[in-house]
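Just so we're clear, the structure is a prediction, and the values are computed from it rather than from any experiment. FYI, the numbering just counts along the sequence from 1.
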Amino acid sequence: MCEKARLEKMTNISPETRIMMMRGEDGRQGYRRQILAALAVSLGPFAAGLSKGYMSPAIASMQESKHDWSFTVSDQQASWIASLSLLGALIGGILGGLAMRLGRRTILLVCALPYTLAWLATALSTSVDMISVTSFCGGMLVCCITMITQVYVTEIAVPEIRGCLSSVLKILSQIGILISFSLGAYLNWHQLALVVAAAPVLLFLALLFIPETPSSLLLRGKEEEAADSLQWLRGPDADIRQELATIRTNILASKHYNEGQTGKLKALLSKRLTRPVLITCGLMFFQRFTGAHVFNFYAVPMFKKTFRMMNPHGGAIATSVVQLLASCLSGMLIDHVGRLPLLMISGVMMSIALAGFGSYAYYEDVFRNSTDLTQVEPGSYDWIPLLCVLTFTIAFSLGISPISSLLIGELFPLEYRSTGSALATSFSHLCGFVNVKTAADFQDHIGLYGLFWLYAGISVLCLLFVVLFVPETKGREIDEMDPKYVESLCINR
């Protein structure tokens, strides 16, 4: 009787609740497997963080006159070296989106070792042209890696920990930036490039021990491998039958829905693709044009212009430490507080911090340089620009930085995830390239203060965009794991 009552109760509950129950009492072990897989692929963002943090100390090292390098680097050449990695990433986003259909883990394995070779070539460079080429190639490869790791984590994780695991990618990236900034104070650009070259090797080795995502395998018709992958991720004792059946049914329904669309143009104009593209591209625009990349690529040179006594390398390291701590805090909050509250807090804090930094730069440029400074203690105001940068860093790392990447995986349906990820990521790096390349030109025309007041205005627009257009995705299943997905297709039809 008890067993019969239990079965009757099971038939009366909703499909999503049944999946939650079948994930089972052994859920903690399943979480552990998902965490291990996320940590393995997060070595990709770690390598990306090392490369992102490389530029600032490396450019400063290349421009130091005390070293007898075989070539010299002007400010314009430095801007090209920094921005070409982002131009390469624009191409990498397109290629990665196309290649992703062959498997998430497969493409990560293919990209890892060539990325190491690109950094070895950087370390052995003997001219600005050679560094520019390796910067472009490295940017192309690292974009594929970072884009696909985000999709991988989104597809393997249950909703309860998806946001947290996504933040792990950002945390490892920040650790990479911190290591590069710290070592850059002691190593020259040749030596630092060799350090960066080691990270993709670790990624390649870690990928050998984790499975492909179940969604990717089912999309390519490999049902047995998909079942094995899902079983490994959820734990050996977890009942995966309902979840696997849901993913399979939703993928088949998605294919049938797309086949019913008359022509590729209509499919591409479907609101199931256009709405996520507009939201994610909008967030990527604001992420790139609020000055974060300028801080990352030009932190040391910028602090040299605003600090009077404080060590610019020390300021860059302090910024990176705070960025890491803020990313950890975001990881703890994102699945409890939600995406939208963090995005709104991020927008408000960034606007205030950028306006403050611009105002201090204006004070430095207009007032202090035209008055008698003998009564002012040298370096007494260095804490003001540092505080503004640290506040901006906290706000950026708490909200828009991790969440804009997370939403790429969460908002796109499976059948459009490769295309959508490629579009959003390529657009992001196009914006990054334009921002980094033109920052020096804007600074020449409107001053450092004008540049950061412009960024502050863009941050205000970012806040409005979030409030008006960005949906909350906290606790929501991705499409192929949602038991109500087929119903939503029927409504959209």
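Listed by chain and number, the residues in a salt bridge (charged side-chain N to carboxylate O under 4.0 Å, His left out) with R288 amount to none (sequence neighbours excluded).
For E472 (side chain) and R339 (main-chain N/O), a donor-acceptor pair under 3.5 Å exists by modelled atom type. When atom types are taken as modelled, the side chain of T149 and the backbone of I145 share a donor-acceptor pair closer than 3.5 angstrom. For S330 (side chain) and L398 (main-chain N/O), a donor-acceptor pair under 3.5 Å exists by modelled atom type.
Across I156 and Q34, no two heavy atoms sit closer than the pair O-OE1, 3.5 Å. Considering every non-hydrogen atom in both C143 and G93, the closest pair reads SG-N, 3.4 Å.
Annotation: salt bridge (charged side-chain N to carboxylate O under 4.0 Å, His left out) contacts involving residues 169-190, sequence neighbours excluded, are absent. Within the structure, the side chain to side chain donor-acceptor pair (under 3.5 Å) test picks out the following pairs touching residues 128-148 (sequence neighbours left out): T122-T134.
Between F136 and I91, some side-chain heavy-atom pair lies under the 4.5 Å cut-off.
Ring planes of Y54 and W119: perpendicular class, angle over 60° (limits at 30 and 60°). Ring pair F392/F396 is parallel by interplanar angle, where below 30° counts as parallel and above 60° as perpendicular.
A donor-acceptor contact closer than 3.5 angstrom is absent between the side chains of Q323 and T393.
Between F357 and Y360, a ring centre-to-centre spacing not shorter than 6.0 Å is recorded. Two rings, from W453 and Y362, have their centers less than 6.0 Å apart.
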